[in-house]
Chemist: 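Structure below; questions to follow.
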Amino acid sequence: MGDITARNREHFNQVASSHLNDWAPLIQTVIEELRERRSWISGKLGDNNTSEKDTGPVKLLDYACGSGTVSKALAPYVDETVGLDLSDNMVAEYNKWAQGQGFSHAKAHALQFDLLAEPQSTDPALSDFDVAVVCMALHHVADPEALLCRLSKTLRPGGVCVVFDRVHSEERPELRADLPEEATKVLQTIHKHGFTEEDMRKYFEAAGMSKNFEHVVIARPFKVKMFGQEMELKGFIARGEAA
């Protein structure tokens, strides 16, 4: 396990029980944006009767799922949802949410799993997804391009990969010299402070998912509180389809 991967697993294990309160405004924004854009993401997410119009169940992969932000937005529109996360405690939070909704294991469950780990799993349950989403997590990943390549292998032909993250900015007020030690540790979990459209296009092309690629900057700001500072970040959503 790489250093940044280990740091992320440790950090998110520590904050799993508190992050819903700490990040509530951002989580709500993400849920609303995903629901509003679900038909843009995939025609299979257009309503909650997809299975009646499709030859098989509609499957969603929620990668770096945390406690299930993406699943909370899109589970009503799919038949099966699988969450994957580095953090055992986040996985526990996700499964607690799914069980609280009365979902069966087949409808929604999460596993502790790292798609960049070697050797790779050949579990057939981690394949043939219609939609795979990595949300507000790619900036923590040591090799974003490699992750998208791995995500592409989880999709069925024509399946859609979605990245929801922050727009890259050189202005980083969170990197003040007088940050406390705990804040410095959090910053050490971040590999890249946001992405440009060019970054996303490159990653999707390398992963063989450039078909119908689109990148949209989110109009409303992402409101967050970091290290005692209230901040507004710009976000984006990008999608592309597997060959």
Side-chain angles (χ1 to χ4, degrees), residues 30-31 33-35 37-46 50-51 54 56-87 90-91 94 98 106-117 120-165 195 199-216 235-243:
V30 171
I31 290 173
E33 289 287 342
L34 287 171
R35 284 180 177 167
R37 298 175 185 275
R38 66 183 189 274
S39 294
W40 173 82
I41 291 170
S42 171
K44 294 186 177 183
L45 303 179
T50 48
S51 61
D54 199 76
V58 178
K59 296 175 59 180
L60 169 69
L61 175 62
D62 184 353
Y63 189 73
C65 61
S67 63
T69 298
V70 171
S71 299
K72 291 170 185 176
L74 300 180
Y77 311 101
V78 301
D79 300 288
E80 299 177 13
T81 306
V82 177
L84 301 178
D85 202 279
L86 296 175
S87 163
M90 282 294 194
V91 166
Y94 182 108
K107 172 64 177 179
H109 71 278
L111 305 167
Q112 193 280 323
F113 195 83
D114 178 8
L115 270 178
L116 290 179
Q120 273 297 289
S121 168
T122 56
D123 186 346
L126 299 181
S127 62
D128 292 327
F129 287 95
D130 297 278
V131 180
V133 183
V134 55
C135 179
M136 297 307 295
L138 196 64
H139 59 278
H140 290 285
V141 175
D143 191 338
E145 184 174 304
L147 179 62
L148 261 67
C149 288
R150 293 286 170 86
L151 282 171
S152 71
K153 299 182 187 305
T154 71
L155 293 169
R156 64 179 57 176
V160 178
C161 180
V162 175
V163 175
F164 199 123
D165 216 290
F195 303 91
D199 289 333
M200 286 295 103
R201 191 177 298 276
K202 172 190 171 186
Y203 298 158
F204 274 81
E205 287 178 350
M209 299 188 295
S210 60
K211 182 180 179 182
N212 294 324
F213 172 84
E214 291 189 64
H215 176 281
V216 177
F236 72 87
I237 186 168
R239 52 96 69 205
E241 299 171 14

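In this text, all values refer to a predicted model and were calculated from it rather than measured experimentally.
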Chemist: Please report the closest heavy-atom contact between Val131 and Ser42, naming both atoms and the distance.
Modeler: CG2-CB, 4.0 Å
Chemist: With rounding to the nearest 0.5 angstrom, report the CG to CZ distance, Leu84 to Phe113.
Modeler: 6.5 Å
Chemist: Where do Cys65 and Ala110 come nearest, in terms of heavy atoms and distance?
Modeler: SG-CB, 4.2 Å
Chemist: Look only at the side chain of Arg239 and the backbone of Asn212, and say whether a donor-acceptor pair between them is shorter than 3.5 Å.
Modeler: yes
Chemist: Looking at residues at least two apart in the chain, or sitting in another chain, which of them share a salt bridge (Lys or Arg N to Asp or Glu O under 4.0 Å) with Glu80?
Modeler: none
Chemist: Keeping Tyr63 on the side-chain end and Leu115 on the backbone end, is there a donor-acceptor pair under 3.5 Å?
Modeler: yes
Chemist: Run the side chain to side chain donor-acceptor pair (under 3.5 Å) test against Asp165 and tell me which residues pass, sequence neighbours left out.
Modeler: His139
Chemist: Of the non-hydrogen atoms in Cys161 and Leu148, which two are nearest, and what is the gap between them?
Modeler: SG-CG, 4.4 Å
Chemist: Using the test salt bridge (Lys or Arg N to Asp or Glu O under 4.0 Å), find all partners of Arg201 that sit at least two apart in sequence or belong to another chain.
Modeler: Glu197
Chemist: Could you tell me whether the side chain of Lys44 and the main chain of Lys59 form a donor-acceptor pair under 3.5 Å?
Modeler: no
Chemist: Roughly how far, to the nearest 0.5 Å, is CD1 of Ile41 from CD1 of Ile237?
Modeler: 4.5 Å
Chemist: Can you name the closest pair of heavy atoms from Leu147 and Val141 and give their distance?
Modeler: CD2-CG2, 3.8 Å
Chemist: With a cut-off of 6.0 Å (strictly less than), are more than 12 heavy atoms of other residues, nucleotides or ligands near NZ of Lys202?
Modeler: no
Chemist: In Å and rounded to the nearest 0.5 Å, what is the CG to CH2 distance from Leu34 to Trp40?
Modeler: 9.5 Å
Chemist: Say whether, by atom type as modelled, one donor and one acceptor occur between the side chain of Glu241 and the main chain of Gly159 under 3.5 angstrom.
Modeler: no
Chemist: Might you work through the side chain to side chain contact (heavy atoms under 4.5 Å, CB included) test for Arg37 and Val216, ending with a clear yes or no?
Modeler: CA-CA 11 Å; Arg37 298 175 185 275; Val216 177; 3.8 Å; yes
Chemist: Ring-plane angle category for Phe195 and Tyr203, please: parallel below 30°, perpendicular beyond 60°, tilted otherwise.
Modeler: perpendicular
Chemist: To the closest 0.5 Å, what do you measure between OG (Ser67) and CG (Asp85)?
Modeler: 9.5 Å
Chemist: Look up atom OG1 in Thr81 and atom CG in Asp62, then write down how far apart they are to the nearest 0.5 Å.
Modeler: 8.0 Å
Chemist: Considering non-hydrogen atoms only, spot the tightest contact between Ala64 and Ala137 and give its length.
Modeler: CB-CB, 3.4 Å
Chemist: Between Thr154 and Ala132, what is the shortest heavy-atom contact and its length?
Modeler: OG1-CB, 4.2 Å
Chemist: What distance do Leu155 atom CG and Met209 atom CE have between them, rounded to the nearest 0.5 Å?
Modeler: 6.5 Å
